[in-house]
Amino acid sequence: MNVAITADVHLSAGDNHPERYNALVNILDSLAAQDIEILIIAGDLFDKDCSNYSRFEDICRKYPQIDIHIIPGNHDPDISRSVIVGENIRIYDSPALEEFNGLSFVFLPYSAIAGMGENLGEFRPGKRWVLIGHGDYFGGLKQRNPYEKGTYMPLYRKDIERFSPWKVFLGHIHKPLNIDNLYYPGSPCGIDINETGRRRYLVFNTATGHITSETLQTDVIYLQEKFLVIPDENEVERLRNDAEGRIAAWELTEDDRKRARIRIKATGYSSDREAIMGCLKTVFAKFSFVKDEEPDISSLYVAKDNRRNTIARRVLQLIEEMDWEFGGKEPEKEQVIETALSVIYGAGG
Ligand SMILES: [Mn+2]
């Protein structure tokens with residue numbers, strides 16, 4: 001049996017974010033086409049400001065064959081079966097154990113006062129069981145929800161070792177992530193420019209444990225790129241090649257391109273800021289910028305001092321030749337170059 005999982009739809013009041021409702025409809029259409037009859041929404045189905053649920057109820061009514069199982073998240077902690085009404089809508093406002101096709105699922109609604117481990121104590125699921133929750137995972141994961149500082153209903157690696165769920169599906173982090181047997185499906189439509197790339201929902205086979213990502217046709221695809229400019233006579237040419245490479249790496253279809261909203265930033269040091277701006281405008285001319293922005297060169301400084309340029313070239317060559325493992329515990333190569341340049345040119349050029 002296949003079960004679909006999403007989270008963090010952030011449906012809002014009013015009509016200001018139709019793309020989020022459309023992403024949900026997109027998921028339900030896709031499930032209907034595949035005869036998938038269960039959709040799990042792992043928290044933050046609604047945004048904080050949302051207090052009218054009729055539009056969501058109307059959507060659910062159109063898919064009576066799909067049962068929708070919802071846990072509250074930190075944005076919608078007060079939703080319950082008494083406020084959202086529908087034959088096929090089930091909201092878990094307290095921890096619950098449910099069986100789908102003989103497999104146990106533990107639904108943990110968001111709690112501001114306890115971690116997931118503390119809530120799991122009362123359950124002794126069968127041999128194989130699946131955890132549905134909403135919060136932060138602490139176990140070799142640097143990713144946090146960038147909008148929400150602090151810790152939200154943590155799940156620790158020791159909880160996983162103690163309770164050994166077969167699979168874990170969590171909401172809260174909007175970036176799609178997979179870590180061992182733990183999955184964040186991510187928001188099905190980017191909430192803003194910081195949620196980049198194509199979005200997905202997950203399909204989980206309860207018999208085999210196989211999990212697949214289904215790409216969504218969202219109304220918008222956000223994309224961001226940052227370019228580090230290093231001053232010399234080839235700076236524009238190098239930037240153009242770099243930018244064309246990034247566009248190719250997006251692997252957008254013509255239809256994707258129309259839906260893309262981009263943000264482009266150049267940093268570093270240049271002898272001709274106008275030429276850099278011109279180059280970025282030309283290379284990205286076919287794309288729409290988010291909020292009708294232009295390429296951002298506010299952190300691109302002027303480098304006209306030839307002696308410093310010579311020093312910079314030599315330093316960059318030395319960084320290139322360095323026997324050093326960039327990334328991981330060490331800074332990324334780009335950070336090393338940026339820091340070196342700021343020493344040579346002085347912060348702010
Ligand atoms: Mn959340």
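- Judged purely by atom type and a 3.5 angstrom limit, Thr151 has no side-chain atom pairing as donor or acceptor with the backbone of Pro154.
- The residues Asp76 and Lys48 are annotated as not salt-bridged, no charged nitrogen and carboxylate oxygen being separated by less than 4.0 angstrom.
- Classification of the Tyr152-His172 ring pair by plane angle, with boundaries at 30° and 60°, yields tilted.
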Decide yes or no on side-chain contact (heavy atoms from CB on, under 4.5 Å) for Leu97 and Trp129, but give the supporting numbers first.
CA-CA 10 Å; Leu97 181 68; Trp129 68 284; 5.8 Å; no
Evaluate the criterion side-chain contact (heavy atoms from CB on, under 4.5 Å) for residue pair Leu216 and Cys189; output intermediate values, then yes/no.
CA-CA 8 Å; Leu216 284 159; Cys189 179; over 6 Å; no
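- For Gln335 (side chain) and Pro331 (main-chain N/O), no donor-acceptor pair under 3.5 Å exists by modelled atom type.
- In the hydrophobic cluster analysis, where Ile, Leu, Val, Met, Phe, Trp and Tyr join through side-chain heavy atoms closer than 4.5 angstrom, Val9 is grouped together with Ile27.
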Please evaluate residues Met153 and Asn119 with respect to the criterion side-chain contact (heavy atoms from CB on, under 4.5 Å), reporting the C-alpha separation (whole Å), side-chain torsions for both, the decisive distance (0.1 Å), and the verdict.
CA-CA 10 Å; Met153 202 179 191; Asn119 274 280; 3.5 Å; yes
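- Classification of the Phe56-Phe46 ring pair by plane angle, with boundaries at 30° and 60°, yields perpendicular.
- Of the possible donor and acceptor atoms, one in the side chain of Asn181 sits under 3.5 Å from a partner among the backbone N and O of Trp166.
- Between Pro176 and Pro185 the shortest side-chain heavy-atom distance does not fall below 4.5 Å.
- A salt bridge between Lys333 and Glu320 is present, with a side-chain N of the basic residue lying under 4.0 Å from a carboxylate O of the acidic one.
- Between the side chains of Gln34 and Ser30, a donor-acceptor pair is found at a separation under 3.5 Å.
- Residues Asp296 and Ser298 have side chains that bring a donor and an acceptor to within less than 3.5 angstrom of each other.
- Side-chain atoms of Val283 and Ile247, non-hydrogen and from C-beta on, do get closer than 4.5 Å to each other.
- No side-chain heavy atom of Thr267 sits under 4.5 Å from any side-chain heavy atom of Leu300.
- Atom-to-atom distance recorded for Glu214:CD and Ile36:CD1 is 6.5 Å, nearest 0.5 angstrom.
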Dump the intermediate steps for side-chain hydrogen bond (donor to acceptor under 3.5 Å, both in side chains) on Asp67 and Asn88, then the final yes or no.
CA-CA 5 Å; Asp67 286 327; Asn88 55 340; 5.7 Å; no
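- Residues Asp219 and Asn22 bring a donor and an acceptor atom of their side chains to less than 3.5 Å of each other.
- Placement of Leu31 and Met1 in two distinct hydrophobic clusters is found when ILVMFWY residues are connected by side-chain heavy-atom separations under 4.5 Å, directly or transitively.
- In the hydrophobic clustering of ILVMFWY residues, with side-chain heavy atoms under 4.5 Å counting as a link, Ile89 and Tyr92 come out apart.
- Side-chain polar atoms of Ser54 and Asn52 form a donor-acceptor pair below 3.5 angstrom.
- We find the CZ-CZ distance between Arg90 and Arg81 to be 5.5 Å, quoted to the nearest 0.5 Å.
- Residues Glu235 and Arg273 are not paired through a salt bridge, judged by the lack of any N-O separation under 4.0 Å between the basic side chain and the carboxylate.
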Start with the C-alpha distance between Ile344 and Val315, add both sets of side-chain angles, then the distance that settles side-chain contact (heavy atoms from CB on, under 4.5 Å), and finish with yes or no.
CA-CA 9 Å; Ile344 296 163; Val315 168; 3.8 Å; yes
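- Within the 4.5 Å cutoff, side-chain heavy atoms of Arg55 are placed close to those of Asp15.
- Glu87 CD: 12 or fewer foreign heavy atoms inside a 6.0 Å radius.
- Counted within 6.0 Å of CG on Asp292, heavy atoms from surrounding residues, nucleotides or ligands total 12 or fewer; the atom is thus considered open.
- Note that SG of Cys50 is 8.0 Å distant from CG of Leu45, once rounded to the nearest 0.5 Å.
- Remark: the Tyr345 side chain and the Asn309 side chain contain an N/O donor-acceptor pair separated by less than 3.5 Å.
- Between Ile71 and His134, the closest side-chain pair of non-hydrogen atoms falls below 4.5 Å.
- For the ring pair (Phe, Tyr, Trp, His ring centres under 6.0 Å) test with His69, the passing option among Phe105, Phe100, Phe169 is Phe100; the others fail.
- Here CZ of Arg240 is found 10.0 Å from CG of Leu280. Values are rounded to the nearest 0.5 Å.
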What do the steps show when you test Tyr110 against Asp44 for side-chain hydrogen bond (donor to acceptor under 3.5 Å, both in side chains), and what is the final call?
CA-CA 9 Å; Tyr110 176 77; Asp44 287 357; over 6 Å; no
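- Aromatic pair His10/His174: centroids less than 6.0 angstrom apart.
- Heavy-atom neighbours of Glu233 CD from other residues, nucleotides or ligands within 6.0 Å: above the threshold of 12.
- Two residues are said to be in side-chain contact when any heavy atoms from C-beta on lie closer than 4.5 Å; Thr339 and Ile337 fail this criterion.
- Ion pairing between Asp8 and Arg20 fails under the 4.0 Å rule for side-chain N and carboxylate O.
- Annotation: Lys304, atom NZ; neighbour count of heavy atoms from other residues, nucleotides and ligands within 6.0 Å does not exceed 12.
- Looking at Thr196 and Gln224, their side chains never bring a donor and an acceptor atom within 3.5 Å of each other.
- Note: Ile5 CD1 to Tyr201 OH = 10.5 Å, rounded to the nearest 0.5 Å.
- Without hydrogens or angle criteria, Thr253 side chain to Asp256 main chain gives a donor-acceptor distance under 3.5 Å.
- In this structure, CG in Asp159 is found 9.0 Å from OH in Tyr137, a value given to the nearest 0.5 Å.
- Asp58 has a carboxylate O that lies under 4.0 Å from a charged side-chain N of Arg61, or vice versa, which qualifies the two as a salt bridge.
- Ion pairing between Glu225 and Arg246 holds under the 4.0 Å rule for side-chain N and carboxylate O.
- The pair Glu161-Lys158 does not meet the salt-bridge criterion, since no charged nitrogen lies less than 4.0 angstrom from a carboxylate oxygen.
- There is no side-chain donor-acceptor pair under 3.5 Å between Ser104 and Arg128.
- Here Glu293 pairs with Arg263 in a salt bridge; the nearest charged N to carboxylate O distance falls below 4.0 Å.
- Heavy atoms from other residues, nucleotides or ligands lying under 6.0 Å from CD of Glu321 number more than 12.
- A pairwise comparison of heavy atoms in Tyr184 and Leu170 identifies CD2-O, 3.2 Å as the closest pair.
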